[in-house]
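What follows is a short report on a single structure.
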Amino acid sequence: MSVLIVIPARHASTRYPGKPLAALTGADGTAKSLIRRSWEAARGVSGVDRVVVATDDARIRDAAERFGAEVVMTSSACRNGTERCAEAIVALGGGFDIVVNLQGDAPLTPAWFVEALIEGLQDDPAAAVATPVLRCDGRALNGFLEDRRAGRVGGTTAVFDRRGHALYFSKEVIPFTGRAYDDADETPVFHHVGVYAYRPAALRDYAGWEMGPLETLEGLEQLRFMEQGRPVLCVEVEARGRQFWELNNPEDVPRIEAMMREMGMA
């Protein structure tokens, strides 16, 4: 199956303007932009035919082209990364069996997360879209709870049925557990990793749907599929010793840099 990875990136972010161009310093002291690190993560995924950056901003385009990325210019009217992916595949003329949205704020995404999504769609013909979920240890869950207490929007959590089909995604911490966990404890909370694999037909449909009330309230693009009755497959992935965090706020930069140092990521 032919696979396209699209890295959607916009400069005009309410929470963190210019985020794709923010510098992250690795374990060896090398500073690279967030968009470059996301592109390098995408290039490490096996079985992918093409990787493109999709943006509406000339500054991001210029920065991406300088480090060798292929860029597709998309409309400033795109409200989220899924809409930008839908525009990008049209601009490229289609021809792909699976389109992966590797969002430009997740440079720590391991290659095997994306590979698991591709396999998940192949194995579940009922699913229109697949997305990874990672069981939280106590350290990750406590980080989510700390963000909420401080009034920050941190990671997204997911609950799903026995088939792996999503029941809900939220920026609140769900399910409620009512107990404390030590850093190394296993918890019943799953961190939703902001990566998606779509069937092209699902992307075409998505672009024609209006935002529903749940997507509007939570600000989570995948809820549009669920509000339209389209199954979203949650694929449980394993960290394999890797730490994971998305760059949502400026305060996340030192947190991610610390993780990179701990993991020895250049």
Side-chain angles (χ1 to χ4, degrees), residues 4-6 8 10 14-15 54 77-90 96-106 109 113-114 116-136 141 144 147-148 153-177 187-237 244 246 248:
L4 167 72
I5 294 183
V6 179
R10 66 188 183 114
T14 302
R15 282 183 282 162
C78 293
R79 293 169 290 186
N80 58 44
T82 301
E83 290 188 0
R84 204 170 298 282
C85 287
E87 277 200 12
I89 193 170
V90 171
F96 296 93
D97 298 305
I98 292 177
V99 180
V100 174
N101 172 354
L102 180 61
Q103 301 196 87
D105 59 5
T109 305
F113 283 18
V114 181
L117 294 189
I118 296 167
E119 183 177 347
L121 277 188
Q122 291 171 338
D123 292 344
D124 187 348
V129 55
T131 193
V133 292
L134 181 65
R135 187 183 290 274
C136 290
L141 175 56
F144 288 167
D147 279 341
R148 298 310 295 129
V153 177
T156 297
T157 55
V159 290
F160 45 91
D161 67 19
R162 291 182 178 181
R163 298 171 298 170
H165 290 181
L167 298 172
Y168 198 60
F169 298 90
S170 183
K171 289 179 179 174
E172 292 292 349
V173 180
I174 57 174
F176 172 74
T177 63
T187 81
V189 176
F190 283 86
H191 181 186
H192 169 241
V193 180
V195 184
Y196 305 93
Y198 320 94
R199 303 188 193 281
L203 271 180
R204 288 193 296 270
D205 291 343
Y206 186 96
W209 295 329
E210 292 299 322
M211 291 177 65
L214 296 178
E215 181 187 0
T216 302
L217 287 168
E218 292 271 10
L220 296 174
E221 62 205 270
Q222 68 271 32
L223 290 175
R224 195 181 309 182
F225 287 107
M226 297 181 66
E227 291 187 85
Q228 292 290 335
R230 297 292 182 90
V232 175
L233 178 66
C234 292
V235 178
E236 186 174 353
V237 294
F244 178 83
E246 296 163 359
N248 295 299

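All values below come from the heavy atoms of this structure, side chains included, with hydrogens, waters and symmetry mates left out. None of these values were measured; they are calculated from a predicted model.
Distance check: His191 NE2 to Leu141 CG gives 11.5 Å after rounding to the nearest 0.5 Å. Between atom CD1 of residue Ile98 and atom CG of residue Leu203 there is a gap of 11.5 Å, rounded to the nearest 0.5 Å. The OG1 atom of Thr157 lies 9.5 Å from the CZ atom of Phe169; values are rounded to the nearest 0.5 Å. For the atom pair CG (Leu102) and OG1 (Thr109), the distance works out to 5.0 Å, reported to the nearest 0.5 Å. For the atom pair CG (Leu4) and CG (Asp97), the distance works out to 11.0 Å, reported to the nearest 0.5 Å. Atoms CG and CZ, on Leu220 and Phe225 in that order, are 13.0 Å from each other to the nearest 0.5 Å.
By the 4.5 Å heavy-atom criterion applied to side chains, Pro175 and Val189 are counted as neighbours. Between Asp205 and Gln228, the closest side-chain pair of non-hydrogen atoms is not below 4.5 Å. With a 4.5 Å cut-off on side-chain heavy atoms, Tyr198 and Leu121 do not count as touching.
By the 30° and 60° cut-offs, the orientation of the rings of Phe160 relative to Phe190 is perpendicular.
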Are Arg84 and Asn101 close enough, and set up right, to give a side-chain contact (heavy atoms from CB on, under 4.5 Å), and what steps lead you there?
-> CA-CA 9 Å; Arg84 204 170 298 282; Asn101 172 354; over 6 Å; no
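The minimum heavy-atom distance between Val99 and Pro200, with the atom names listed, is CG2-CG, 4.5 Å. Taking each heavy atom of Leu233 and Arg163 in turn, the nearest pair found is CD1-O, 3.9 Å. Nearest heavy atom pair, residue Val237 against residue Ala116, reads CG1-CB, 4.0 Å. Of all the heavy atoms in Met226 and Ala166, the pair that sits closest is CE-O, 3.3 Å.
Side-chain atoms of Glu227 come within 3.5 Å of backbone N or O of Leu214 as a donor-acceptor pair. Although no hydrogens or angles enter the test, the distance criterion places a donor-acceptor pair under 3.5 Å between the side chain of Tyr206 and the main chain of Glu221. In this structure a side-chain-to-backbone donor-acceptor pair under 3.5 Å is present from Gln103 to Gly194. Proximity of a side-chain donor or acceptor of Arg224 to a complementary backbone N or O of Trp209 within less than 3.5 Å is detected. Between the side chain of Glu218 and the main chain of Lys171, a donor-acceptor pair closer than 3.5 Å is present.
A salt bridge does not link Arg79 with Glu215: every distance from a Lys NZ or Arg NE/NH1/NH2 to an Asp or Glu carboxylate oxygen is 4.0 Å or more.
Not a single salt bridge (charged side-chain N to carboxylate O under 4.0 Å, His left out) links Arg199 to another residue, sequence neighbours left out.
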Only pairs under 3.5 Å count here: list side-chain donor-acceptor contacts from residues 125-136, not counting sequence neighbours, and write none if there are none.
{"from": "Thr131", "atom 1": "OG1", "to": "His192", "atom 2": "NE2", "distance (Å)": "2.6"}
{"from": "Thr131", "atom 1": "OG1", "to": "Val193", "atom 2": "O", "distance (Å)": "3.4"}
{"from": "Thr131", "atom 1": "OG1", "to": "Val195", "atom 2": "O", "distance (Å)": "2.6"}
{"from": "Arg135", "atom 1": "NH1", "to": "Thr187", "atom 2": "O", "distance (Å)": "2.9"}

